[in-house]
Participant: 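Please read through the structure below; I'll follow up with questions.
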Amino acid sequence: MLTAFARAFKTPDLRKKLLFTLGIIVLYRIGAHVPVPGVNYANVETCMKQAGGNSGLFALVNMFSGGALLQITIFALGIMPYITASIILQLLTVVIPRLEALKKEGQSGQTKITQYTRYLTVALAVLQGTGLVATARSGALFQSCPVATQIVPNDSIFTTITMVITMTAGTCLIMWLGELVTDRGIGNGMSILMFISIAAGFPGALWQIKLQGKLADGWIEFFSVIAVGLAMVALVVFVEQAQRRIPVQYAKRMIGRRSYGGTSTYIPLKVNQAGVIPVIFASSLLYIPALIAQFSGSNAGWARWIASNFTKGNHPVYIITYFLLIVFFAFFYVAISFNPEEVADNMKKYGGFIPGIRAGRPTAEYLSYVLNRITWPGSLYLGLIALVPTVALVLFNANQNFPFGGTSILIIVGVGLETVKQIESQLQQRNYEGFLR
């Protein structure tokens with residue numbers, strides 16, 4: 001693998017792409033430390049030190065922003081508005097015929113959907129930026145900090161608009177940087193920026209575990225967490241690469257004097273067909289009750305029940321609800337992203353069939369049956385991986401940003417594998433051996 005890296009840097013055009021990508025990453029990380037105008041950064045630092053890295057309700061968004069959310073920098077919103085917009089457009093494609101028609105038009109239709117995604121990203125960035133400014137001004141961003149209400153000392157409307165515009169512009173800049181990496185870098189730009197955001201918090205979180213450890217000055221806990229992380233990476237790589245290959249044969253057809261078809265291929269159905277999206281859906285949905293109870297300021301029974309059951313990640317009610325939501329969203333997303341009827345119709349149109357299964361409706365029923373069978377272990381695997389931070393809270397007294405949490409590991413492994421395949425394909429075009437032999 002190291003030899004392949006050396007060969008990649010020896011290739012002039014590939015070296016330019018790698019160096020360009022690294023330059024964009026450096027620029028992205030610099031922007032994550034530039035404060036927004038109107039923020040008292042000294043008070044932010046005070047509250048950050050007192051919180052000890054525990055971001056509570058904002059853990060997911062803070063992870064996707066690389067820690068920039070709680071520091072209220074120009075990249076505070078991170079790539080989360082773009083992720084949310086992409087997921088919303090993907091879901092709307094199923095229910096809006098116009099979007100479904102655009103998806104079937106190929107490259108031109110996908111360009112139009114990407115344009116809609118950008119517009120929706122800007123709208124979500126304005127909405128989330130306004131919410132972040134209001135949260136920081138009210139002191140709810142750091143509830144236990146005595147100077148939390150002084151993070152934004154000036155409450156004028158001009159300061160609020162300036163902060164929202166700055167953070168929205170930061171999100172637009174992140175979108176542009178991601179597209180630059182896709183066009184002029186090694187590709188997969190948005191995913192690489194997401195990878196960097198999550199990986200940036202690993203060193204600090206690991207060192208925090210070492211400082212909080214009690215065995216051998218914290219080194220036993222430190223290396224135990226690293227060992228658990230490596231085991232989780234191996235497990236995630238194994239499951240993410242696992243797939244059920246359904247054989248497909250195409251009948252020979254004579255068109256004029258030429259023979260077409262007669263080939264054999266397969267339909268790859270991954271065990272984890274939904275990826276990390278069910279975990280993101282479940283995490284986001286569980287934040288809503290806690291946020292409602294927090295901003296309502298009510299002392300009613302329902303508010304106290306939510307505060308006691310849905311604000312701590314190690315509560316049994318939270319754990320069970322989180323697990324069930326992940327399983328539900330895994331099936332839900334697979335159902336809307338893979339259409340067995342459409343696949344069966346396309347196979348029938350081009351003369352393809354599954355050996356032993358009749359074309360048409362029996363093929364669709366068979367694909368649906370296989371998909372449901374392999375989605376069960378995939379959804380249970382997602383739920384168990386996502387509960388790793390809960391175990392860490394109990395064993396290592398870690399914070400909510402445990403470095404080897406389910407969401408972070410799934411994204412890092414997925415993006416890492418995809419990036420390695422991108423570089424490998426470019427190496428193989430130049431007759432070099434790739435990373436994966």
Participant: Could you give me the CA-CA distance, side-chain angles and deciding distance for Glu418 and Phe195, then say whether side-chain contact (heavy atoms from CB on, under 4.5 Å) is met?
Facilitator: CA-CA 11 Å; Glu418 187 65 28; Phe195 175 95; over 6 Å; no
Participant: Can you tell me how the ring of Phe329 sits relative to the ring of Phe281, calling it parallel under 30°, perpendicular over 60° and tilted otherwise?
Facilitator: perpendicular
Participant: Could you tell me if Tyr333 and Gln90 have a donor-acceptor pair between their side chains, going purely by distance under 3.5 Å?
Facilitator: yes
Participant: Could you go through Thr84 and Ile88, starting from their C-alpha distance and side-chain angles, then the distance that decides it, and tell me whether this counts as side-chain contact (heavy atoms from CB on, under 4.5 Å)?
Facilitator: CA-CA 6 Å; Thr84 307; Ile88 291 174; 3.9 Å; yes
Participant: Indicate whether any N or O donor in one side chain lies under 3.5 Å from an N or O acceptor in the other, for Arg29 and Ser197.
Facilitator: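 Side chains of Arg29 and Ser197: no pair found under 3.5 Å.
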Participant: Can you see which heavy atom on Ala359 is nearest to which on Lys348, and at what distance?
Facilitator: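 The answer is CB-CG, 4.3 Å.
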Participant: Is it true that the side chains of Tyr41 and Glu45 contain a donor and an acceptor less than 3.5 Å apart?
Facilitator: yes
Participant: State plainly whether the residues Glu179 and Arg184 are in salt-bridge range, i.e. N to O under 4.0 Å.
Facilitator: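 Result for this pair is no, no salt bridge flagged.
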Participant: Please find the pair of heavy atoms, one from Ala282 and one from Leu325, that lie closest to each other, and give the distance.
Facilitator: CB-CB, 3.8 Å
Participant: How far does CG of Leu387 sit from OH of Tyr318, to the nearest 0.5 angstrom?
Facilitator: 9.5 Å
Participant: State whether a side-chain donor-acceptor pair under 3.5 Å links Thr114 with Thr111.
Facilitator: no
Participant: Shortest non-hydrogen contact from Leu89 to Tyr116?
Facilitator: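 Between these two residues, the closest heavy atoms are CD1-CB, 4.2 Å.
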Participant: Give me the atom names and distance for the closest heavy-atom approach of Pro37 to Thr162.
Facilitator: CB-CG2, 4.5 Å
Participant: Check whether any side-chain heavy atom of Ile83 sits under 4.5 Å from a side-chain heavy atom of Met194, and report yes or no.
Facilitator: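 The answer is yes; the side chains approach within 4.5 Å.
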Participant: Classify the side-chain pair Glu240/Asn272 by whether it contains a donor and acceptor separated by less than 3.5 Å.
Facilitator: yes
Participant: Which heavy atom in Thr182 sits nearest to a heavy atom in Met190, and how many Å separate them?
Facilitator: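 What the structure gives for the nearest pair is OG1-N, 4.4 Å.
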